[in-house]
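Below is one structure; the comments refer to it alone.
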2 protein chains.
Amino acid sequence: MSTLSDVAALAGVSISAVSRVLSNAPSSRVSGATRQRIEDAARELNYHPNFAARALKFSRTNVVALVVPDLTNAIFTELMRGVEEAAADLGYMVLLARAESMQPAAATMAKLVGEGRVDGVLVQVGDNTTSEDLAGILDGRVPAVLINSTRDDHVGSVILPDEAGVAVAVRHLVELGHTSIGLVNGLPTSDSASRRSVGFERAMTAAGLRINPAFVTSFGYDPQQGRAAMRTLSALAERPTALVVANVNAALGLLVEARTLGIAVPDDLSIVAIHDAWTAANAWPPLTTVRMPLYELGKISMAAIFDRIRSEAIDDVVVTDPEPELVLRESTARR
Amino acid sequence: MSTLSDVAALAGVSISAVSRVLSNAPSSRVSGATRQRIEDAARELNYHPNFAARALKFSRTNVVALVVPDLTNAIFTELMRGVEEAAADLGYMVLLARAESMQPAAATMAKLVGEGRVDGVLVQVGDNTTSEDLAGILDGRVPAVLINSTRDDHVGSVILPDEAGVAVAVRHLVELGHTSIGLVNGLPTSDSASRRSVGFERAMTAAGLRINPAFVTSFGYDPQQGRAAMRTLSALAERPTALVVANVNAALGLLVEARTLGIAVPDDLSIVAIHDAWTAANAWPPLTTVRMPLYELGKISMAAIFDRIRSEAIDDVVVTDPEPELVLRESTARR
DNA sequence: TAGGTTTGATCAAACGATTGAGCAAACGAT
DNA sequence: ATCGTTTGCTCAATCGTTTGATCAAACCTA
């Protein structure tokens, strides 16, 4: 690890000169010859400016933390990709912090920011975290942006067009002639689940259909919870002919349970899942899904925390481009 | 963000005293009263030592990078969990760096280490990366440990008991009466694939079975490549009755292709996949797998890089505890 | 050629924490 | 009472980088 002094010594100049040249400050006032010698020396020594020294000097690390509840969550991979790419463009790096529950997460975040390891925090709230859990964590001092969750106080947020996504799913089922449609939702405590619930109600109403409350479950987004939902629904005297499943992971579990129960998909039951993931294409039957703009969610979240770090600006953004898109596979059939 | 000076001012002492108390140096020589005042002041100001300053002082960040080729890889989640937990125990944090291909990864790693952002690098090599690609990256100066891949020069490594894992799979199939067993492997360039290949040969030989070379494919570990393998095998005049699939993701793709081709699993074809993941339990039929010690792989890898950072010690470790374990589900049947 | 401006560089302080060296006060021994 | 030792704390240098202030030399103008 060579330092500015090493380069300066090799080039026979002062470290100030080297610093100005290598950070190409506009007011550098360095002769061409000197500049050349410095650049040569830097290259020869494979100079890289020391991260800690710059962070200390600028009180800024150009690192943001991405706190996620669960790495197996369907939305994680694409989200991460979006965050990372935007971060790279903005000169940032991403420190991934998994946090099964939000209590250690709060401690972790406090530490990360308190020690100045990161300039800001992106928080993807799990669906078992209530909005209140976050209050303590985010009391103003920490630049933070919530991903797919909102709060009305001093914290920015970026959310998905959940209503529109569910509407796409419902419309597809309605077009296939279904009228008896259920919703397999996430836990009611979660923000995204309530948006999806609203979307479901609106879309059903718009289609002139009545919602049978028994057809709406809210066990959670995980495969196990999807299975539970299927069991509950199958126990009903009157069953829905189609389901909108609010998460593709839950849909996978639901699919297995349906098979176990001898319910044929799509012949007995049509399924549309929210979120497209590689697993949907590799299920049987291949799952028809609604692709949500997760990559863009990541990019925009990164842009938002970037703005938040630089100014006090806080806003709540909905990712609208691209719109939720139906990915037609084989889990839905005409009624 | 309060600093040592802030605490010192509040406590009415010098920053040296504060530093010694808060880092509880053994040779502190501070009176009880002063110590108390300092601790109170620190608590009141919510003091956290500045990360950049310490990193600069110690030339050490207590951060390691984990470079993975693909976040959707079956082994990633558990691996990451192991790495993170061991890191936390050792006072380290993990910077996750995704690297689709190894060229940008090399640049990224060079930057990470060159700038002193991380003290070491854990590299999980993708199966499309040849061992040679790594040579340039790891020319000695960077403390690095390869995960599930080996090199014979100045780089440590931690690998899975791949041979044993495949042997467990083969034994299970043999016990079910299968004699015509195939292997769906990763790309031959990858280290793990060649170990699994060796394991397959040994296990078959041990069972007194002949390997039909046509039953061995090596397209890769991804679902698409699993599908390709299934297509190739189904085109054969004589087909295997059972397959060991070297990766659970490939097995998922293979399963879908089998259905598409009208091959019934497990009636026409038994399948055992290497690596257990939540997706295996949520496939149809639920996949019988061999659980590999991925969590331990992560823990031990972190311990290895920790040692490597502190000393020049380099060694190659095989994770042997727990041993690969059969997870019996429904994708295998008696022949 | 004297006086002023521009050019091309260096000096030195600062960021926050650590730590060996130094120093005054209190203490103990003779 | 004098001299060494211990105690309890502060001074100051250091890590590597940035940047306003400074300064000598070269250049321009009248």
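Chain letters run A, B, ... following the sequence lines, proteins first and then strands; every chain starts at 1.
- A:Asn62 places a side-chain N or O within donor-acceptor distance of the main-chain N or O of A:Gly91, the cut-off being under 3.5 Å.
- Residue B:Arg60 contributes atom CZ, which lies 15 Å from atom P of D:dG16 at whole-angstrom precision.
- To the nearest angstrom, C1' of C:dC15 lies 15 Å from CE of B:Met1.
- Between A:Glu84 and A:Arg81, none of the side-chain N atoms (NZ, or NE/NH1/NH2) sits under 4.0 Å from a carboxylate O, so this pair counts as no salt bridge.
- Both the sub-6.0 Å distance and the 45° axial angle are satisfied by B:Arg310 relative to the ring of B:Phe306.
- For C:dA29, the paired nucleotide is D:dT2, the pair qualifying as Watson-Crick or G-U wobble because both relevant distances are below 3.5 Å.
- The partner of D:dA25 is C:dT6, by the rule that a Watson-Crick or G-U pair needs both atom distances under 3.5 Å.
- The interatomic distance linking B:Ile38 (CD1) with D:dG8 (C1') rounds to 11 Å, in whole Å.
- For D:dT18, one of the phosphate oxygens OP1 or OP2 lies less than 4.0 angstrom from a side-chain nitrogen or oxygen of A:Ser19.
- Heavy atoms only, all atoms of each residue included: A:Ser23 and A:Ser19 are closest at OG-O, 2.6 Å.
- In this structure, A:Phe76 and B:Phe76 have parallel ring planes: the angle between them is below the 30° cut-off, well short of the 60° mark.
- The main-chain N or O of A:Val30 is never found under 3.5 Å from a side-chain atom of A:Thr34 such that the two would form a donor-acceptor pair.
- Residue B:Leu4 contributes atom CG, which lies 15 Å from atom P of D:dC11 at whole-angstrom precision.
- With rounding to whole Å, A:Arg117 atom CZ is found 14 Å from C:dA17 atom P.
- Looking at heavy-atom distances under 4.0 Å, A:Phe51 makes no contact with the nucleic acid at all.
- Note: CZ (A:Phe58) to C1' (C:dA14) measures 12 Å, nearest angstrom.
- OP1 or OP2 of C:dA17 has at least one side-chain nitrogen or oxygen of B:Tyr47 nearer than 4.0 Å.
- Following rounding to the nearest Å, B:Leu56 (CG) and D:dT14 (C1') show an atom-to-atom distance of 9 Å.
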Counting primed atoms plus P, OP1 and OP2 as sugar-phosphate and everything else as base, spell out the protein contacts along nucleotides 4-13 of chain C at 4.0 Å heavy-atom distance: B, S or - for each nucleotide, 5' to 3'. ---BBBBBB-
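- No hydrogens or angles considered: nothing links the side chains of A:Thr150 and A:Asp316 as a donor-acceptor pair under 3.5 Å.
- Atom pair A:Leu22:CG and D:dT18:P shows a separation of 8 Å (rounding to whole Å applied).
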